[in-house]
Amino acid sequence: MKICPECKIEIGGTEYYCPLCGSELTLSDDKGGEESLYPDFSLPVNPPNRFPFLAKLFAFLSLIAVLVCGLIDLLINHQLTWSLFVIGGIAAAWVSLGTHLLTNINLNYKLLLDLCALSLYLILIDHLTGWHQWSIDYVIPILYIGVMITTIVLALVFREFWREYILSLVAICVLGLGPLLIFFTSKSPMRYLCLAAALLAAALLIGLIYFAGGKVFSEWKRRMNF
Amino acid sequence: MNNENWYPLETSAKIYPAIISPRQPSVFRLSCTFHNEIDPNIMQTALNVTMVRYPGFSMTLKRGAFWFYFEEMDKNPTLQPEQYYPCQIVDPEAENGFLFRVTWFKKRVNLEVFHVITDGTGGLEFLKTLVYYYLLLSGEDIKPGENIRTLRHKPTEEERENSFLRYYDPQIPSDRADSNAALHYEGTRMPVGHSRAIHIHTETAPLLALSRSCQVTLTEYLTGQFLRSFLVVLKETTDSEKPVKISIPINLRKLFQSDTLRNFTYFANIGEPVANADEPLEKTLQYIKTQLRATCTREALIPRLNPNVSSEKNPFLRAAPLSLKQLVLREAHHILGDNLFTASFSNLGIIRLDDSMAKHIRNFDFGLSCSDLIPLNLSMVTWMDTAYMTFSSIVEERHVERIFISKLSEAGLKMKVWTSDPSEAEGDTHENLS
């Protein structure tokens with residue numbers, strides 16, 4: 001066995017030096033060294049950096065663009081005019097693309113965020129170009145129906161992951177109040193498109209509750225556990 | 001197993017998802033070394049069988065709007081060859097959703113558990129069952145005895161109880177105990193992902209005799225020597241008035257009836273300032289004994305357990321979204337958690353198994369993870385009249401370990417020491433260790 005002459009204790013394993021004081025160990029008999037207790041260690045593979053360098057670069061460039069455009073606009077026009085297109089677009093791109101690339105929340109919630117970001121940006125453009133209301137007459141109901149259909153398809157294709165989709169389907173139905181509000185407040189003949197969107201949302205919600213009410217409630221209880 | 005099964009995190013578990021990172025894994029490790037090399041196929045089957053008995057281990061962590069919750073998964077973990085340094089982070093994304101890992105190396109099987117699922121006592125129950133089924137499936141003629149949970153009995157509701165809630169008494173005023181900041185041990189930090197274990201094996205009989213001669217228990221004696229080792233080392237580098245405090249986990253199942261397999265521990269922090277470094281050991285031991293024994297009663301503990309439960313029930317806290325809670329909890333833990341002690345000493349006690357099983361087992365080990373503020377911990381189990389102590393560390397220096405061992409050696413104890421970090425053969429790299 002191996003002894004440390006300084007610490008006066010026996011050392012096991014494959015050591016040549018004392019793990020406590022570093023002195024060279026002396027062999028007190030002819031028995032060979034013992035086995036090592038541990039393997040050669042390796043390090044876990046690091047998960048990819050959430051905020052990779054490219055994202056930081058784009059964040060920096062976005063900030064510069066916003067500041068430069070805003071300043072030039074203010075200097076020339078004494079208020080924010082065309083720069084709002086740039087600022088709004090960059091904000092919408094970050095909410096939408098940023099969430100897609102840099103987070104791993106569920107795809108359906110990402111789609112909802114895309115819907116909100118894009119809708120708000122197009123409403124802004126509509127406002128800045130004379131408020132012809134094309135954004136709320138056409139864009140919002142079409143985008144909304146598009147996202148609803150995509151989410152339904154995803155939920156059907158990935159049925160075994162229903163727990164990840166079911167509450168977002170409910171959320172989409174609740175968002176149907178948006179088009180419904182537009183229907184009641186708009187005077188345009190295209191408002192019936194919004195009504196159609198809202199009715200589709202209602203149908204989806206009724207279908208969900210009727211066919212999967214138990215599942216909706218069970219998932220709601222867990223996620224909303226207070 | 002079905003994933004209709006879910007439950008919220010118990011009171012003390014709620015902190016862990018907020019603070020976990022590769023620098024703060026909050027992991028403990030229980031190992032069993034057999035006399036013979038392990039057959040990994042049999043061990044994998046034994047693991048699958050053990051999972052049926054412990055549904056609490058089949059849980060993964062899911063995000064709710066207000067709190068994390070556990071949800072049962074319908075799969076088995078995979079036994080892996082040991083490859084990482086001891087007590088590294090258990091990342092559910094890397095472990096297929098699981099909050100623990102089981103690894104093996106030659107004759108030893110290791111169970112590394114993220115503290116959110118359970119404490120050392122709960123983890124040991126799982127390991128004992130795993131060992132039982134491994135030996136059984138290997139064809140050994142063994143009996144489970146009285147203190148192993150097997151499939152002969154189904155998992156009970158009591159085993160998954162949040163016992164903190166059961167013993168919560170809102171009538172009793174809360175007592176936050178001492179919340180003074182402690183002195184922290186610093187050293188040359190190893191790179192993230194590295195750690196070192198130093199094992200000390202010594203016979204319990206002389207150790208018990210030594211403790212009795214000082215009129216303290218074994219835990220109190222070793223706490224005293226551990227504390228004094230820190231005082232000696234830190235006295236050289238600081239004259240701060242902050243105390244060096246040792247955090248001692250107290251298994252509440254001993255004082256409060258509970259069969260829970262989840263967390264049910266209280267951490268008592270006891271310490272002294274470095275100014276007391278030159279006082280005799282007896283004085284430190286008497287101080288520790290008084291403090292610890294005063295803490296370890298139901299009357300003293302309920303007021304200290306209450307604050308955590310009442311925080312969890314506070315409607316403003318409950319209504320906060322999870323992301324905000326995580327931030328607040330992380331900050332609160334920084335002030336009220338790691339900041340309040342220097343190091344842990346966790347004594348899991350005596351492991352007893354039926355003789356038919358014991359003859360196949362060489363020993364058990366128990367280790368802890370470290371963090372930036374707590375870079376050194378001591379833990380121990382007792383098996384067959386031998387104490388197996390482990391220093392877990394993430395700093396290069398070994399002063400405290402060396403002084404602790406020399407104190408025990410001077411007191412007459414014979415020890416054998418092993419390390420997970422074999423030194424190189426060159427002499428000059430060891431100048432800085434002494």
Side-chain angles (χ1 to χ4, degrees), chain A residues 1-25 28 33-50 103-106 109 160-164 167-168 170-171 214-215 217-226, chain B residues 3-4 6 8 22 33 62-67 69 71 81-86 88-89 91 93-94 105-108 191-194 196-201 315 318-319 398-399 401-402 405-406 408-409 414-427 429-434:
Chain A
M1 58 183 175
K2 290 173 285 191
I3 311 267
C4 171
E6 290 293 321
C7 303
K8 302 200 179 23
I9 46 167
E10 189 186 344
I11 308 290
T14 54
E15 317 307 310
Y16 292 106
Y17 292 92
C18 176
L20 301 162
C21 68
S23 313
E24 195 172 345
L25 300 178
S28 77
E34 290 156 322
E35 285 184 327
S36 161
L37 276 188
Y38 287 89
D40 291 328
F41 293 121
S42 58
L43 291 174
V45 175
N46 279 329
N49 191 357
R50 280 283 152 78
T103 67
N104 53 9
I105 57 180
N106 262 308
Y109 287 116
E160 69 266 30
F161 298 115
W162 62 269
R163 282 196 191 282
E164 314 301 327
L167 288 185
S168 62
V170 173
K215 288 190 160 95
F217 186 58
S218 133
E219 192 61 16
W220 177 266
K221 256 200 321 189
R222 292 172 197 214
R223 300 276 180 183
M224 297 294 148
N225 172 244
F226 189 63
Chain B
N3 62 4
E4 288 309 305
W6 73 280
T33 307
K62 298 209 89 149
R63 294 187 76 104
F66 302 105
W67 295 107
Y69 60 96
E71 190 169 87
E82 185 176 347
Q83 49 178 293
Y84 303 141
Y85 286 84
Q88 295 308 312
I89 184 174
D91 182 356
E93 283 179 34
F105 176 69
K106 293 191 183 169
K107 301 175 185 171
R108 184 182 68 241
V192 175
H194 289 241
R196 178 189 63 242
I198 290 182
H199 301 289
I200 306 168
H201 301 177
R318 286 161 80 180
R398 302 145 201 245
H399 311 303
E401 293 95 316
R402 186 168 47 86
I405 288 172
S406 74
L408 294 187
S409 191
K414 291 214 174 25
M415 293 168 283
K416 185 165 178 179
V417 169
W418 306 70
T419 178
S420 69
D421 176 18
S423 39
E424 289 104 22
E426 300 99 49
T429 53
H430 302 288
E431 297 295 313
N432 57 358
L433 287 182
S434 39

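Note: hydrogens, waters and symmetry copies are ignored here, and every other heavy atom, side chains too, is used. Below, read A as the first sequence line, B as the second, and so on, with proteins coming before strands; counting in each chain starts at 1. Because the structure is predicted, anything quoted here is derived from the model rather than measured.
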Notebook entry, point to check: If you look at every heavy atom in Leu43(A) and Val192(B), which pair is closest and at what distance?
Noted result: CD2-O, 4.3 Å
Check: How about Pro86(B) and Tyr38(A): do any of their side-chain heavy atoms sit closer than 4.5 Å?
Finding: yes
Margin query: Show the nearest heavy-atom pair for residues Trp67(B) and Asn225(A), with the distance to one decimal.
Written below: CD1-O, 3.3 Å
Margin query: Less than 4.5 Å to any heavy atom of chain A: does that hold for the side chain of Pro191(B), its backbone, both, or neither?
Written below: neither
Note to self: Report which part of Tyr69(B) has an atom under 4.5 Å of a heavy atom belonging to chain A: side chain, backbone, both, or neither.
What the structure shows: side chain
Checklist line | Leu37(A) and Trp418(B), any side-chain heavy atoms less than 4.5 Å apart | finding: yes
Check: Can you tell me if Arg398(B) uses its side chain to pair, donor with acceptor, with the backbone of Pro19(A) under 3.5 Å?
Finding: yes
Checklist line | Best-contacting candidate, Gln88(B), Arg196(B), His199(B), against chain A by heavy atom pairs under 4.5 angstrom | finding: His199(B)
Check: In Å and rounded to the nearest 0.5 Å, what is the CD to CG distance from Glu82(B) to Asp40(A)?
Finding: 11.0 Å
Margin query: Tell me which of these, Arg108(B), His194(B), Glu401(B), has more heavy-atom pairs under 4.5 Å with chain A than the rest.
Written below: Arg108(B)
Next item on the list: Check each atom of Tyr85(B) against the heavy atoms of chain A and say whether the ones under 4.5 Å are side chain, backbone, both or neither.
Entry: both
Margin query: Please find the pair of heavy atoms, one from Arg63(B) and one from Arg223(A), that lie closest to each other, and give the distance.
Written below: O-NH1, 2.8 Å
Item checked: Smallest separation among heavy atoms of Cys7(A) and Ser409(B), with atom names -> O-OG, 3.9 Å
Check: Does any heavy atom of chain A fall under 4.5 Å from the side chain of Ala197(B), the backbone, both, or neither of them?
Finding: side chain
Item checked: Selection from Lys8(A), Glu6(A), Lys221(A), Met224(A) maximising heavy-atom pairs under 4.5 Å formed with chain B -> Met224(A)
Note to self: Just so I know, are the side chains of Glu10(A) and Lys414(B) near enough to count as touching, which here means a heavy-atom distance under 4.5 Å?
What the structure shows: no
Item checked: Under 4.5 Å from any heavy atom of chain A - which part of Lys106(B) -> side chain
Note to self: Please determine whether side-chain contact (heavy atoms from CB on, under 4.5 Å) holds for the pair Arg222(A) and Glu71(B), giving the CA-CA distance in whole Å, both sets of side-chain angles, and the decisive distance to 0.1 Å.
What the structure shows: CA-CA 9 Å; Arg222(A) 292 172 197 214; Glu71(B) 190 169 87; 2.5 Å; yes
